[in-house]
Amino acid sequence: MTNFVRLSKDNDVAIITIDNPPVNALSPGIPDAISAAIDEINSDAAIKAAVIIGAGRTFVAGADIKEFIKMTSSGKRLATLLPLLLRIENSAKPVVMAIHGQAFGGGLELAMAGHYRVASPTAQVGQPEVKLGIIPGAGGTQRLPRLVGVAKAVEMCAEGKPIPAREAFDLGLIDRLIEGDLLAGALSFAREVAAKPAPKTRERKEKLGAAAENEAIFAAARATAAKKQRGLKAPLAAIDGVEAATRLPFDEGCQVEAKLFTECLFSDQSKALIHVFFGEREVAKIPDVPKDTPILPVNRVAVVGSGTMGGGIAMVFANAGIPVLLKDVEEATLDQGMGKIRKNYASSVQRGRFTQAFVDERLQLIEPVLSYDKFSSVDMVVEAVFEGMALKKAVFAELDRTCRKGAILASNTSTLNIDEIAAATSRAEAVIGTHFFSPANVMRLLEIVREQKTSKEVIATCMQLSKKLGKVGVLVGNCRGFVGNRMFGPYRREAQFLVEEGADIEAVDRALVDFGNAMGPLATGDLAGLDVGWRIRKEYRHLEKAGVRQPFAEDRFCEMGRYGQKTGRGWYHYDENRRASADPEVTALVRKWSAEAGIGQRQISAEEIVDRCVYALVNEGARILEEGYALRAVDIDIIYINGYGFPAHRGGPMWYADAVGLQKVYQRVCEFQRQHGELWAPAPLLKRLAETGKTFAEFDKEQVVAA
Ligand code: T1G
């Protein structure tokens, strides 16, 4: 046995404990150790049955994903889990899988090779591999339909969403739910089944359905995948895998699965999605904020401003079970804010995201208030008032007066200088930016902005809190627009320039949507409201360099009162249900303004559209990295995927640039500089990495070493 796999006995039942913290991944050596334990059990006459259980917080979270990175970079083939799973299935002594926490991916495949499965009611089981751009590779697409039926197996493998143990029990995947001591429950279950013939999952056929019925299931699943997981290979491969289970004998089905698995694993999509998986964990690590930095309590909060953002933020805290004071200046505004919150919750119930009971409980946690009277009782305040410096300073001065010592004072500003806001208080060390994205109760990204004096405790607390709020917290520095919006400026600038130079409005958006973005840059402007950027540009007009080209269309639309969706007209025309349609008048207006500005018109390819928009992101991202406003290139990737709809299967803008090759990106940027001037001056870091044949990923590694 190894340290990671222990074999013990409880009289006539053997216990195999997998102990590979933190999530019992099936790292190299562990499958062999489990195999050896199974052999030992089968050669021990005193043993009647066996239980396999995970030590620590979970059963098994799957194969070791880190090994996939080694495999795809070295080309070395990984040992599959299949031989181990057959050894378990062929065991003469029944093997009971005792599941708590998660049985994910290879963990569920291991469990399904067992003869029985028992679980804690709080456990979860699933095949989330498609989220890594792969499919189950150890018989999951073959055994799961045999246990839960074809339709459910397709859904679980193609969408990758885990299911709770209770649902798994209802489906027949779990044989018993164990309240209380899982091991004790598993041991008594094992004794109950010890004398019975051990059922082999691979031999079960009763749930594999009929050909005609299955055909409809697969067709519907492919249509759903094409719509909901547009451009992704793995969901379609997962459907092919389950289909093979309904058409071929078990072993042949496994061969089809193995081929599909390998094709997916060596795909760029999988490499990008695995980068994102580890990236979402990496961003939580702040080099100068040690892991043992004290965390401040956040058990009661207040939100100032009950507008769209304030209301959404209040819901985020309530959804995490944290009581919230929601403050505004007038009764009517507050009622309106609470009305929007109730409406949002009602639509979540309608869409089945929450139960009515859950919503009723959450609404109880949100207390509308008109004064700061109770603010001395809160641990944290998030200010979400109108985006004006004077107003924000006034609010922070009031918070400084009313909040208890040690409370965290956060601002949801998306553009304003946090140092300046902090200077309005006597406790700059307690001030931080917590930039939520609209709609705050939906978008996963939380841009956490440290100012010069923000304390490590406040940073560590907000980073940890973001996870509790179901967000991905990324720490950034305090520059104009922070990281996300600072990069979004050049991205949307190029989109507008392309239209001014002759590209169709729809063509610009379509090119970025085909690239994988949830929405095109122009339509995104209409959604967010063109007036938001217009007001900010007016506030910063004095900073614009003379003679530097600026996009003109959106300012002119706004002067005409056209702010996008909210006014029914922007780049597109919108009907009462906010459905967009092309607006020929807009195209004519832009053509006229371009002619007046002497901008020549030309045919522009989709490739140029993507390069100009995405490389504008990359170039500004490189500047942000070398200026130190983002810790790593991967932080920028995680920001763009979770806050700006950048396709995760492209890994984020910086990963994408590495995949294209920084020399090629740099040359293209230089080309744009020659054609379009200094706005395209290459970032020194991009130039340096391109000229030294390095990548942003290597730059990140150097940062870790340097820290
Ligand atoms: N392999 C390697 N490391 C893993 C891992 C895994 N499967 N899962 C987690 N980690 C690391 C993670 O990087 C982090 O490291 C630490 O564990 C804690 O994770 C053959 C091919 C289980 C729900 O996709 O979804 O099996 O940052 O912060 O929030 O067919 O981890 O501390 O250094 O996420 O409590 C399929 C992936 C694999 C599940 C726990 N399995 N994991 O969440 O902790 S492919 C998955 C998760 C496969 C087979 C196929 C979550 C979790 P560090 P954490 P958490």
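Since we're looking at a predicted model, the values are computed, not measured.
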* Verify ring pair (Phe, Tyr, Trp, His ring centres under 6.0 Å) between Phe696 and Tyr656, making sure each step is shown before the conclusion. => CA-CA 10 Å; Phe696 286 121; Tyr656 172 72; over 10 Å; no
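In this structure, the side chain of Asn441 does not engage the main chain of Gly312 through any donor-acceptor pair within 3.5 Å. Formation of a donor-acceptor pair under 3.5 Å by the Glu501 side chain with backbone atoms of Gln601 is not found in this model. The backbone N or O of Ala507 sits nowhere less than 3.5 Å from a side-chain atom of Asp504 that would complete a donor-acceptor pair. Proximity of a side-chain donor or acceptor of Lys456 to a complementary backbone N or O of Asp288 within less than 3.5 Å is detected. A donor-acceptor pair is defined here as one N or O able to donate and one able to accept, closer than 3.5 Å; no such pair exists between the side chain of Asn642 and the backbone of Val472.
Counting non-hydrogen atoms of neighbouring residues, nucleotides and ligands closer than 6.0 angstrom, the CD atom of Gln452 reaches no more than 12 such neighbours.
Annotation: cation-pi pair Arg486/Phe482 absent, no NZ/CZ under 6.0 Å from the ring centroid and within 45° of its normal. Arg549 forms a cation-pi arrangement with Phe497, by the criterion of a distance under 6.0 Å to the ring centre and an angle within 45° of the ring axis.
Ring orientation note: the planes of Tyr563 and Trp534 are tilted relative to one another, at an angle of 30° to 60°. Ring-plane geometry between Trp680 and Phe672 is classed as tilted, the angle between the planes lying from 30 to 60 degrees on a 0 to 90 degree scale. Using the six-membered ring where Trp is involved, Phe557 and Trp593 have ring planes that are tilted, between 30° and 60° apart. Relative orientation of the Tyr644 and Tyr640 rings is parallel, given thresholds of 30° and 60° on the angle between their planes.
Closest approach of His649 to Gly516, counting heavy atoms only: CE1-CA, 4.4 Å. Met463 and Val283 get closest at one heavy-atom pair: CE-O, 3.4 Å. Here the closest heavy-atom approach between residue Asp635 and residue Leu475 is recorded as OD2-O, 4.3 Å. Residues Ala410 and Thr434 share a closest heavy-atom pair of CB-OG1, 3.4 Å.
Scored by the salt bridge (charged side-chain N to carboxylate O under 4.0 Å, His left out) test, Glu263 finds Lys259 as partners (sequence neighbours excluded).
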